[in-house]
Amino acid sequence: MSQPTPPPAPGSSDRIAPLATARSLAMAIGPPALALCIILMLIPPTRTVIYPAYLVGYVFWFGIALGGASLTMLHHLTGGTWGLLIRRPLEAAALTIIPLAILFVPLLFGLDVLYPWARAGGADEPLIAHKAGYLNPTAFALRAAFYFGLWILLAWLINRGTDRQDQTSDRAPSRSLARISAPGLGLVFLTATFAAIDWMMSLEPDWYSSIYGAMLITGWGLATFAAMTLVAAALRSQPELRPVARPRVFQDLASLMLAFVMLWAYTSFMQYLIIWSGNLSEEIPWYLRRSRGGWQLFVAILILFHFLAPFLLLLMRDLKRRADWLLGFSAAILGLHLIDTIWLILPAQVRDPLSPQVGLPILQLLLVLVATAGIGGLCVSFFLDRLARRPLMPLHDPAVDGLAHLRDDETDDQTEAYPAPAPTPRA
Amino acid sequence: MAQATLRHDETGDVPVLGPGHTYGTVTDKISSIVLTEPPRPGWIFGFAVSFVLLLMFLFAVLNLLVRGIGIWGVNVPIGWGFDIVNFVWWIGIGHAGTLISAILLLLRQDWRTSINRFAEAMTLFAVSCAGLYPLLHLGRPWLFYWLLPYPNTMALWPQWRSPLIFDVFAVSTYATVSLLFWYVGLIPDLATLRDRAKSRIGKVIYGFLAMGWRGSARHWHRYRTAYLLLAGLATPLVVSVHTIVALDFTVGIIPGWHTTIFPPYFVAGAIYSGFAMVLTLSIPLRSYYGLKDFITDKHLDNMAKVMLVTGLIVTYGYLMEAFMAWYGGNPYEEFMILKDRPTGPYAHTWWLLLLCNCTIVQLFWFRYFRTHPIWLWVISIVINIGMWLERYVIVVTSLHADFLPSSWGMYHGTIWDYMTYYGSIGLFLTLLFLFIRVLPVISITEMRELVHEVHERGHARGGPAVTPGTAHP
Amino acid sequence: MSSESIYQTHTRDALPPSAVPRIYGLMAEFLQPDQVVQAAKAAYAAGYRQMDAFSPMPVEGLAEAIGFRRNRLPLVVLIGGLTGAVTALFLQWFSAVVHYPIIVGGRPFASWPAFIPVTFELTVLFAAFGAVFGLLALNGLPRPHHPVFNSPNFALASRSRFFLCIQANDRHFDLDKTEQFLRALNPREITVVEA
């Protein structure tokens, strides 16, 4: 993909060797996988299996893009050294909403496969007819266009603001970033909720849950933290990141992941407990579909490895300070987040994934991997390209002031290069 | 005592501690309120008013015990009235204390230092008020122990699937852990008071409570660990308590109660009202006792921001509830949320609640309203009222018109309901006035740490070097 | 602390009881937290082990400087939390499934989802008990009196001063030499603490 030209000018995308390698890998996997998806979408018998798989892969990467924008804005509001380490990856991830907006278009041609309300005669059922004004293909597309317009605008604004911040030591760009971040975060939360309702909840249009948006958003937040920690851990030895790639900062990132693991478990369990207690015929089928025919295996995996194991591991301070350990951990969390996304989406279509008669479910799970790789290949290479174009650390962020403090805290840390206090001579 | 002229540093931030303080001055300033000052006229007046309200509360409760809960306005179909509204309101107020103490400690927000002690005390007193209501609602409160799991001759056990039993455990755990957290935080300050008390009785009482604390380095090390661990435990606990209060409603399938967004937005609402109460109390406190060096404009600004965030979350909750009432297509839910509440017999409470909780808080987008104490104080009172109304709307409207029109009814609080409600505010304020007189309202220990930290930072920036240990002989 | 009784028997063996006033240790007083940390480090480097430092607030690194290594409190809290979780789960399962099974709302006897809130609350409660009572027990509190309170200026340890006390039961303790050693650390004052 890239020629071995060495000049390390900040504008060039091949400036940082690991990024260039990863990017050529993503470019090798992404386009062929995506092409396969598109071909399968065009063949009538296979479009029924590819569309759900494509939606899973799409939502997986979409969550990280939206999380990138949200967490960038969160950092502009709260500050903190954790943000310095992942700010540039977050901003680059926020921009992947642009390729994702294009990759959303194929979904519009498969609405009838995915959504009962979009099928011929689908709106005749009284319960769906009641909300046909909201759930119809035109309104769906218009809303999606509005969401993407807003998200792209916000991603562009925060990236432009951060460029300005780099150019001047004046605080004005930082202040204006904070000013757009507060309303921006609120708008993203709201639009993401409705996107979750449109794209995922309406797969089963007779079912509803008011915590659904918040539950999805906490999951995406966790995935974003995992992805960003992975990038930061992989780049930890880059000289530019030296001031912030420190155990204390990785510990903070891991603690934030812990918070999101708990929030995800909280929102998921609350939805379950309330629906389980109510046991109403319009609510409980959503869980019944997701706890039989093999899907209970997914439930067990999610409880044990999406909550219990990460929760216990992230209580251990020594592990949280090790970037190499966090690298593998974050990758595992991302894998589990994919399983979570599968479990949320596919049972709407696939009732018995392990049933022996039909080979389709296994094929569908394989197609999920293809779609995830296809969409991911494009997003990741776009992300890596944007990431390499700028310094890896924001230069004039207000949080940079906190770095001096950070160094004081770690004088007792043996893994670091700072000298231990000189031994006092014996009296 | 320095005036509250705050030094703005180069980032335009207001510092969390006024200038010129040393370990000695913070100790003397805070402990003098307790040890040397005679009660001021304002304190005596406030205490007297609160005490009269408390007497009213005791009278109302006595009447309740004699005549039964029929004196309240509750009856079929509205079995939960002011008592549950007040329970939820008080327990919500009790959330800010633990939030400020625990979550802000974990987030390393040093501005928490000067308000956490006060907020924790507020938590304890609010939880005490809250806990009384379900007990009084039992009708025969002296049999409250039937709620607890203990082997008895009837072989009866609590109904573990009921959120009301979750409540018993949640509220009692919350009260206990808050008390422990507060007391652990107080121990070093009690030792300070013991060492500085002039009167014999003061020495004995503070000495007894300080348990022989002597500030040993080993003890401090374990102390810090214990405090951090308690904060780590209290954080999910505080979330769980209002979650379980939300489950009290959502587990039932009454229209307007059974919706999944309740737990998170109840927690946000609790924090919202809790911060409103902290502001309502601390704004007069800091001006009356001259504590503006410790509770600075920075604190007010930050608390207003927290209220803005939680207020927006609450608004999001209302929005989701309303949208799903329509989207879900359940006619009962749709009638309750979209018709009865905005246009039914209780419509005025609903509109007032939207005004108080969702509209007025938007003023906090502007710095002017976040930093002017008078505005903040007024808005915080408005929010307290709004959060009370929210619980009133949830409890009363949902019960007054459920599935069958033949079982609809109306509810209005009686004079005894109002006496118990205002009386419990008297109980709360009485405890708070006593607390101000006998214990340090600001953690002296943590203020010393703040002095140390401010000194170190000033040093690092090459600012004016205050040497915190030397100003006093 | 068992170390103090060792000191008492030791001096009783060595000297006639009435010959010298019984000494608990030497107390040096400092104005700044970093001074006391430096002093503690110096004393540790000089071989002193039986010592303690006192401060009006937690001082970063002070406990480590006097040689405090193992903090067992997190373990106590963990045990407390696990006890709470097991107690709650057992209590609910035993009462609802074994001792008095009764159908409520068509739910199974072992309604695990509904058992989780109470389990959580008891876990937190017992863990908090572990933290507080563990703290008191490991610190040996409540303890109404302690020899360090005999030191004249010690009331300031809860206000603005920092103290380092080298105890007489230390192997290297010698009234004169230890005093010289402390003197070299530039304290504001040195006092003898009577036992």
*asked:* Just checking B:F144: does its CZ atom have more than 12 heavy atoms from other residues, nucleotides or ligands closer to it than 6.0 angstrom?
replied: no
Distance col, row B:M211:CE vs C:L141:CG, nearest 0.5 angstrom, shows 6.0 Å
Among C:L62, C:L138, C:V36, the residue with the most heavy-atom pairs under 4.5 Å to chain B is C:L138
Chain B shares the most heavy-atom pairs under 4.5 Å, among C:A63, C:S95, C:A40, C:A114, with C:S95
- Query: Do C:L122 and C:Q92 have side chains that get closer than 4.5 Å, going by heavy atoms?
  - Reply: no
Turns out that what part of C:P74 lies under 4.5 Å from chain B's heavy atoms comes down to both
Turns out that what part of C:V77 lies under 4.5 Å from chain B's heavy atoms comes down to side chain
Of B:Y227, B:W220, B:F169, the largest count of non-hydrogen pairs under 4.5 angstrom with chain C goes to B:W220
If you tally heavy-atom pairs under 4.5 Å between each of B:L237, B:L228, B:V184, B:L247 and chain C, the highest tally belongs to B:L237
Turns out that what part of C:F149 lies under 4.5 Å from chain B's heavy atoms comes down to side chain
B:W182 side chain reached by B:L439 side chain, heavy atoms, under 4.5 Å:
yes
Donor-acceptor contact present, side-chain B:T173 to main-chain B:A170, <3.5 Å: no
Okay, B:L229 and chain C: the region with an atom under 4.5 Å from a heavy atom over there is side chain
- Would you check if there is a donor-acceptor pair between the side chains of B:S240 and C:E121 at a distance under 3.5 Å? yes
Interface check, chain B: of C:A128, C:A131, C:P58, most non-hydrogen pairs under 4.5 Å belong to C:P58
Turns out that what part of B:L233 lies under 4.5 Å from chain C's heavy atoms comes down to both
Using a cut-off of 6.0 Å, state whether more than 12 heavy atoms not belonging to B:F208 lie near its atom CZ.
-> no
### Query
Distance-only, no hydrogens or angles: does the B:Y150 side chain make a donor-acceptor pair with backbone N or O of B:Y145 under 3.5 Å?
no
State whether B:D189 and B:R117 are salt-bridged, where the test is any N-O pair (Lys NZ or Arg NE/NH1/NH2 against Asp/Glu carboxylate O) under 4.0 Å.
yes
Whatever's closer than 4.5 Å to a heavy atom in chain C on B:R224 counts as side chain
In this structure, CZ of B:R161 is separated from CZ of C:R107 (nearest 0.5 Å) by 8.5 Å
Worksheet item: Within 45° of the six-membered ring axis of C:F30 and under 6.0 Å from that ring's centre, is NZ or CZ of C:R161 located there?
Response: no
With chain B, the option among C:V59, C:V76, C:V132, C:I102 that has the most non-hydrogen atom pairs under 4.5 Å is C:V132
The interface call for B:T27 against chain C, heavy-atom contacts under 4.5 Å, is side chain
Under 4.5 Å to a heavy atom of chain C? For B:T176 that would be side chain
With chain C, the option among B:G215, B:S162, B:G212 that has the most non-hydrogen atom pairs under 4.5 Å is B:G215
Turns out that what part of B:P236 lies under 4.5 Å from chain C's heavy atoms comes down to both
Of C:Y100, C:F115, C:F120, the largest count of non-hydrogen pairs under 4.5 angstrom with chain B goes to C:F120
